Amino acid sequence: MFISDDVRYIGVNDHEIDLFEGQYVVPEGMAYNSYVILDEKIAVMDPVDKHFAEEWLANLAAEIGDRKPDYLVMQHIEPDHSSSVSAFMAAYPGTTVVASAQAFNMISNLYGDVVTEKLVVKEGDVLDLGSHKLNFVAAPMVHWPEVIVTYDSKDKILFSADAFGKFGALDAEDDDWACEARRYYFGIVGKFGVQAQNLLQKAAGLEIETICPLHGPILNENLGYYLDLYNTWTTYGVESEGIALCYTSVYGNTKNAVEYLAAKLEELGQEVHVSDLARDDMAEAVEDAFRYGTLILATTTYNSDIFPFMKDFIHHLVDHNYQNRKIAFVENGSWAPQAAKKMAALLEGCKDIEFAENKATIKGALNDESKAQLDVLAAELAK
């Protein structure tokens with residue numbers, strides 16, 4: 001695949017994977033992206049997962065023929081992007097590996113002394129390939145501390161590491177970039193919004209025509225759309241009007257309350273996205289919680305605490321720096337309801353959270369009294 005006259009795509013698609021990073025469902029697989037720049041000197045931009053090393057090296061050989069790579073740039077050392085480095089060095093011994101100082105420590109810890117020729121780079125350094133000049137930009141904690149990204153000033157390409165990444169192989173049928181990019185961002189990078197925003201601010205000073213991430217499609221049209229979304233995500237802004245309603249239910253009574261509340265909100269003109277935290281993809285629920293400005297949490301009091309799936313969900317939100325949202329509570333408890341208090345306590349550390357004035361308490365099954373509370377809550381949230 002041609003990115004430009006001198007830049008070619010040599011990555012691979014993984015349709016064998018079921019869980020990315022051991023937790024994210026990826027029914028459309030994953031892409032491990034890699035690129036090669038053909039100039040007076042040749043630079044390979046990132047290895048791939050070791051399970052696809054043979055295919056990747058064949059892709060590289062098809063582009064460079066009898067030439068040998070001068071440089072292997074390793075922007076991010078997570079194993080899905082680095083674990084084929086040993087196979088690469090066996091095929092092309094003596095190639096200079098280019099990475100940050102911290103990246104080389106990680107390479108050594110993961111793969112031993114496989115690298116013999118090293119070039120340590122930092123923010124502001126430039127690697128001259130001939131007509132292509134690679135400018136290195138530090139991107140710590142996007143989403144590992146060693147990360148650098150690379151700007152090719154000739155073709156105006158930003159090799160963005162995991163930034164602008166997306167779930168799904170490149171030959172997948174899914175063409176909705178935002179949905180799987182959002183789930184990817186908030187699941188994997190979202191904790192580090194400040195650091196990702198810092199990278200965006202640096203990128204704003206570059207003339208970018210193409211973004212080449214390590215996962216997902218190459219972006220070379222309507223870049224403003226992608227940059228605007230990333231700006232919203234990295235600042236924890238509200239992307240879409242709507243309400244995320246996430247719940248757990250043991251015997252169906254809390255579910256009945258959720259269905260009643262959702263219907264009431266829709267009558268009042270609200271768009272509602274409901275997630276059953278015990279059955280639906282937790283990462284999708286996290287995505288919705290960050291996408292919309294209002295979140296309703298509905299669960300039961302359970303062992304003097306809250307139901308485990310809800311507790312896990314709230315921990316996901318807190319761990320990913322959930323902030324700048326309005327949160328409402330629906331609780332159920334047959335004799336001592338306290339789920340709302342427990343949920344609020346778990347969210348205490350989140351910044352810029354506004355709790356709804358009203359809550360709804362169900363004591364067992366939904367009845368006229370609890371319906372009236374849900375009506376009041378719906379009216380408040382629909383204002």
Side-chain angles (χ1 to χ4, degrees), residues 9 11-34 46 48-49 52 75-82 139-144 147 149 158-200 203 211-220 222-223 225-240 244 273 275 280-292 313 316-317 319-322:
Y9 179 84
V12 299
N13 289 312
D14 180 359
H15 288 289
E16 300 172 12
I17 189 170
D18 59 344
L19 293 176
F20 183 70
E21 291 195 351
Q23 61 177 313
Y24 299 104
V25 177
V26 283
E28 298 290 342
M30 285 298 294
Y32 308 127
N33 294 342
S34 177
D46 295 287
V48 300
D49 186 281
F52 300 88
Q75 301 181 111
H76 179 29
I77 312 305
E78 202 167 4
D80 57 326
H81 306 302
S82 69
M141 299 316 300
V142 186
H143 57 113
W144 278 22
V147 176
V149 301
L158 178 67
F159 297 94
S160 63
D162 269 353
F164 299 95
K166 173 185 173 294
F167 292 128
L170 294 194
D171 57 358
E173 295 181 0
D174 174 32
D175 60 357
D176 183 354
W177 184 88
C179 180
E180 287 294 67
R182 186 188 304 107
R183 186 166 71 99
Y184 177 92
Y185 172 82
F186 284 112
I188 294 173
V189 186
K191 179 180 178 67
F192 307 106
V194 171
Q195 293 85 350
Q197 177 62 204
N198 289 341
L199 175 58
L200 277 188
I211 298 174
C212 290
L214 287 179
H215 297 294
I218 291 86
L219 308 176
N220 53 20
N222 195 20
L223 291 187
Y225 167 75
Y226 304 106
L227 291 167
D228 285 347
L229 276 178
Y230 245 71
N231 189 58
T232 297
W233 297 345
T234 58
T235 56
Y236 304 96
V238 176
E239 179 187 343
S240 304
H273 298 261
S275 296
D280 297 334
D281 181 5
M282 185 76 73
E284 294 274 5
V286 170
E287 174 192 346
D288 281 348
F290 278 97
R291 180 175 184 177
Y292 302 108
F313 178 63
H316 276 290
L317 297 182
D319 287 347
H320 289 81
N321 274 340
Y322 195 66

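Counting begins at 1 with the first residue of the sequence. These numbers come from a predicted model, not from an experiment. The figures that follow rest on heavy atoms only: side chains count, while hydrogens, waters and symmetry mates do not.
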Applying salt bridge (charged side-chain N to carboxylate O under 4.0 Å, His left out), which residue pairs with at least one partner in residues 181-199 are found, sequence neighbours left out? E180-R183, R182-E239, R182-E287, R183-D281, R183-E284

Please name all residues satisfying side chain to side chain donor-acceptor pair (under 3.5 Å) with [X], sequence neighbours left out, ordered by chain then number.
X: N198; value: none
X: Y236; value: none
X: D18; value: none
X: Q195; value: none

Could you list the residues that satisfy ring-ring contact (aromatic ring centres under 6.0 Å, His included) with [X], not counting sequence neighbours?
X: Y292; result: H273
X: H316; result: none
X: H320; result: none

Within the 6.0 Å centroid threshold, strictly below: Y184 and Y24: no

Test M30 against N13 for side chain to side chain contact (heavy atoms under 4.5 Å, CB included), laying out the working first. CA-CA 6 Å; M30 285 298 294; N13 289 312; over 6 Å; no

Flag side-chain contact, heavy atom, 4.5 Å: [X] against [Y]:
X: L227; Y: F164; answer: yes
X: D80; Y: E21; answer: no
X: L199; Y: V149; answer: yes
X: Q197; Y: N231; answer: yes

What residues form a side-chain contact (heavy atoms from CB on, under 4.5 Å) with [X], not counting sequence neighbours?
X: A285; result: C246, S275, L277, F313
X: D46; result: Q75, L214
X: E28; result: A172, D174
X: E16; result: D14, F52

Over all heavy atoms of both residues, which pair between [X] and [Y] is shortest? Give the atoms and the distance, please.
X: S82; Y: I77; answer: OG-O, 2.9 Å
X: F20; Y: H215; answer: CZ-NE2, 3.7 Å
X: L170; Y: A31; answer: CG-CB, 3.7 Å
X: P213; Y: S160; answer: CA-OG, 3.3 Å

Nearest 0.5 Å, what's the [atom1]-[atom2] distance between [X] and [Y]?
X: W233; Y: F186; atom1: CH2; atom2: CZ; value: 7.0 Å
X: W177; Y: K166; atom1: CH2; atom2: NZ; value: 9.0 Å
X: I188; Y: F167; atom1: CD1; atom2: CZ; value: 4.0 Å
X: L158; Y: L223; atom1: CG; atom2: CG; value: 10.0 Å
X: T235; Y: L200; atom1: OG1; atom2: CG; value: 9.0 Å
X: S240; Y: F290; atom1: OG; atom2: CZ; value: 14.5 Å

Before you tell me yes or no, could you show the steps for M141 and V194 under side chain to side chain contact (heavy atoms under 4.5 Å, CB included), namely the whole-Å CA-CA distance, both residues' side-chain angles and the distance that decides it to 0.1 Å? CA-CA 9 Å; M141 299 316 300; V194 171; over 6 Å; no

Please step through side chain to side chain contact (heavy atoms under 4.5 Å, CB included) for the pair I211 and Y230, ending with a clear verdict. CA-CA 13 Å; I211 298 174; Y230 245 71; over 6 Å; no

I218 backbone acceptor or donor facing Y9 side chain under 3.5 Å: no

Check: G216 main-chain N/O paired with N33 side-chain donor or acceptor under 3.5 Å: yes

Please report the C-alpha distance between Y225 and L219 in whole Å, then the side-chain angles of each, then the deciding distance to 0.1 Å, and finally whether the side chain to side chain contact (heavy atoms under 4.5 Å, CB included) criterion is met. CA-CA 10 Å; Y225 167 75; L219 308 176; over 6 Å; no

